> 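Supplied in structure tokens, the structure appears directly below.
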Amino acid sequence: MASVFKRTGRKGKGKGKYLLSYVDHRGLRHTRSAKTTDQDAARRIASKLEADAALRRDGVIDPRIESIGQQARRTIEEHLADFRAKLSAAGSSEDHRTRTCRFISDGAEACEFETAGDIAADKVNHYATELLKSMAARSVAARLTALKSFSRWLAVQGKLPADPLASVRKPSVKTDRRKVRRMLLPEEWTWLRTVTLSGNVVRSDIPAVERVLLYAVAIQTGLRSNELRSLTRGSLFLDAAQPYVTCKAGSTKNQQDARQYIKPELVAELRRHIARKAPGAAVFSLPRREDVAAMLRADLAAARSEWLKAARRDPEERQRREQSDFLLPVNHEKEVFDFHSLRHTCGAWLAMSGAHPKAVQAVMRHSIITLTMDTYGHLFPGQEADTVARLPDLMSDPQPEAVRATGTYDQTAQPPAGRAAHAQRAEGGNRQNVAKRGERIRRDADEQSEETTCHNLLPVPTLGEHWQEVATAGNSSRGGTRTRTPCNGHGILNPERLPFRHSAKRVTLQ
């Protein structure tokens with residue numbers, strides 16, 4: 001029963017607002033302010049709360065639908081705070097949380113979404129169309145991914161009745177990719193390494209020797225810029241039987257520990273580099289994130305300048321080199337070279353060396369093999385040629401007349417050994433069911449002839465005096481002998497020796 005009582009003002013002075021006490025549909029008593037000093041208004045509010053509780057108890061009002069309606073009226077910013085907490089609990093990095101929430105806020109502002117109930121697919125599609133006019137498909141897809149993950153979370157958490165952005169499709173990254181990275185050619189790496197070391201120029205407060213070592217580790221391990229930044233002396237296991245570098249899950253993109261193996265030549269250089277560093281000291285003193293690519297491109301430009309100077313005495317060669325893409329940060333196909341291209345170089349060189357695609361996937365730490373093949377599949381040497389070379393020469397059968405038009409072998413032809421072995425394995429696998437079927441089959445076949453000696457039921461009208469290769473019952477699964485048994489002219493089989501039911505699969509002899 002709802003009740004209304006008055007609360008006095010501060011220190012008993014003045015008029016206070018009325019308080020309500022009522023029992024909800026679950027039998028729990030609640031006390032709340034009526035937010036009014038009018039007693040009649042407070043009683044009407046209390047009666048409304050009591051009536052709604054009765055409707056919920058009787059099932060007229062669904063509390064879940066009512067709760068969804070209340071959540072749908074909350075603002076985007078209120079829900080976004082809960083969504084950020086969800087991302088944090090899932091173990092995502094601070095950069096990922098900040099970027100995702102920023103994409104959601106920007107999209108909600110552009111689409112004029114104030115509450116969760118305002119989210120609509122049509123407005124998001126128009127938003128994506130406008131973004132594609134000035135932004136790459138990959139960047140637009142990242143923003144749509146953030147918005148779709150937010151709307152899906154609202155639906156899963158019962159804050160919306162359904163996902164309003166389920167029908168929104170992200171643009172194809174392959175058809176509209178505006179930034180394509182290129183790999184570093186082995187000859188380019190030779191010039192980059194030699195010129196950087198000989199120049200001995202300090203860039204971004206990093207000596208030339210350390211920069212070359214940084215580039216070498218990036219190429220050989222495939223680690224990203226942030227992952228290289230997180231390496232400490234304790235991350236290097238140079239004395240192991242197979243030396244490797246480790247990167248903790250908190251610094252990797254997939255939030256998993258990474259172990260990347262390195263070659264002995266690189267081990268010796270790293271050992272000299274960290275000789276005087278403390279165990280917790282950073283291996284590389286990288287500059288700011290936005291300056292890393294500029295540092296590499298400056299070394300790349302210096303290497304190209306020296307490469308061009310090497311041909312100054314040969315005008316034709318000089319002209320050819322000036323028109324070449326060698327050591328250029330952006331080639332004629334608009335493929336760019338930045339610091340992340342060193343990781344791309346790692347995967348490309350592995351593919352060109354003939355490494356197995358699964359091994360390349362493991363080194364690059366790709367979640368699916370499709371990503372590896374889409375990125376480096378064209379670089380695996382001789383895949384198409386090797387595949388075609390393995391095809392048997394089916395078009396040059398020396399005895400094509402051995403196979404008749406009926407699809408069966410005559411008395412002089414033999415079935416292929418591969419098919420015979422397959423038939424033997426198939427019969428061996430079915431032996432476990434033979435014992436259970438045998439008694440029932442014999443009862444069903446009482447009217448069949450006792451003189452027939454074929455083992456398998458072939459649903460063919462007549463077989464004549466053809467020969468069929470079958471495995472002796474009870475011996476096929478244990479390597480028993482195989483016999484040839486003639487069928488009679490009517491194709492009728494002996495039911496007493498039949499290992500399969502009358503509905504057995506058709507046997508096709510080729």
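Quick caveat: nothing in here was measured; it's all calculated off a predicted structure.
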> Got a sec, which residues hit side chain to side chain donor-acceptor pair (under 3.5 Å) with Ser151, two or more places apart in sequence or on another chain?
Asp163
> Name the residue from Lys358, His366, Gln361 that meets the side-chain hydrogen bond (donor to acceptor under 3.5 Å, both in side chains) definition with Thr372.
His366
> Can you list every salt bridge (Lys or Arg N to Asp or Glu O under 4.0 Å) pair that touches residues 245-262, not counting sequence neighbours?
none
> Can you list everything that forms a side chain to side chain contact (heavy atoms under 4.5 Å, CB included) with Thr100? Sequence neighbours excluded, please.
Phe83, Leu87, His96, Ile104, Ala146
> For Thr252, what residues pass the side chain to side chain donor-acceptor pair (under 3.5 Å) criterion, not counting sequence neighbours?
Asn254
> Test of understanding: with salt bridge (Lys or Arg N to Asp or Glu O under 4.0 Å), list the residues that count as partners of Asp374, not counting sequence neighbours.
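Only Lys174 meet the salt bridge (Lys or Arg N to Asp or Glu O under 4.0 Å) criterion with Asp374.
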> In chain order, what residues pass the salt bridge (Lys or Arg N to Asp or Glu O under 4.0 Å) check against Arg224, with sequence neighbours excluded?
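In terms of salt bridge (Lys or Arg N to Asp or Glu O under 4.0 Å), with neighbours along the sequence ignored, Arg224 is linked to Glu227.
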> Looking at residues at least two apart in the chain, or sitting in another chain, which of them share a ring-ring contact (aromatic ring centres under 6.0 Å, His included) with Tyr376?
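Checked Tyr376 against ring-ring contact (aromatic ring centres under 6.0 Å, His included); matches are His344.
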> Quick one: side chain to side chain donor-acceptor pair (under 3.5 Å) partners of Lys170, sequence neighbours excluded?
Thr145
> Restricting to side chain to side chain contact (heavy atoms under 4.5 Å, CB included), what partner residues turn up for Ser353, sequence neighbours left out?
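Only Ala355 meet the side chain to side chain contact (heavy atoms under 4.5 Å, CB included) criterion with Ser353.
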> Would Asp338 and Ser341 count as having a side-chain donor-acceptor pair, cut-off 3.5 Å?
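Present: a donor and an acceptor within the cut-off.
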> Please indicate whether Glu94 has more than 12 foreign heavy atoms, meaning atoms of other residues, nucleotides or ligands, lying under 6.0 Å from its CD.
yes
> Tell me, please, which residues at least two apart from Arg32 pass salt bridge (Lys or Arg N to Asp or Glu O under 4.0 Å).
none
> Checking Arg229 now: which residues fulfil side chain to side chain donor-acceptor pair (under 3.5 Å) with it, not counting sequence neighbours?
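Arg229 satisfies side chain to side chain donor-acceptor pair (under 3.5 Å) with no other residue.
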> Does atom CD (Glu109) have a neighbourhood of more than 12 heavy atoms from anything else shown, all under 6.0 Å?
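Count not over threshold, so no.
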> Just distance, no hydrogens or angles: give the donor-acceptor pairs under 3.5 Å from side chains in residues 235-242, sequence neighbours left out.
unit_1: Ser235; atom_1: OG; unit_2: Thr232; atom_2: N; d: 3.2
unit_1: Ser235; atom_1: OG; unit_2: Thr232; atom_2: OG1; d: 3.3
unit_1: Asp239; atom_1: OD1; unit_2: Arg271; atom_2: NH2; d: 3.0

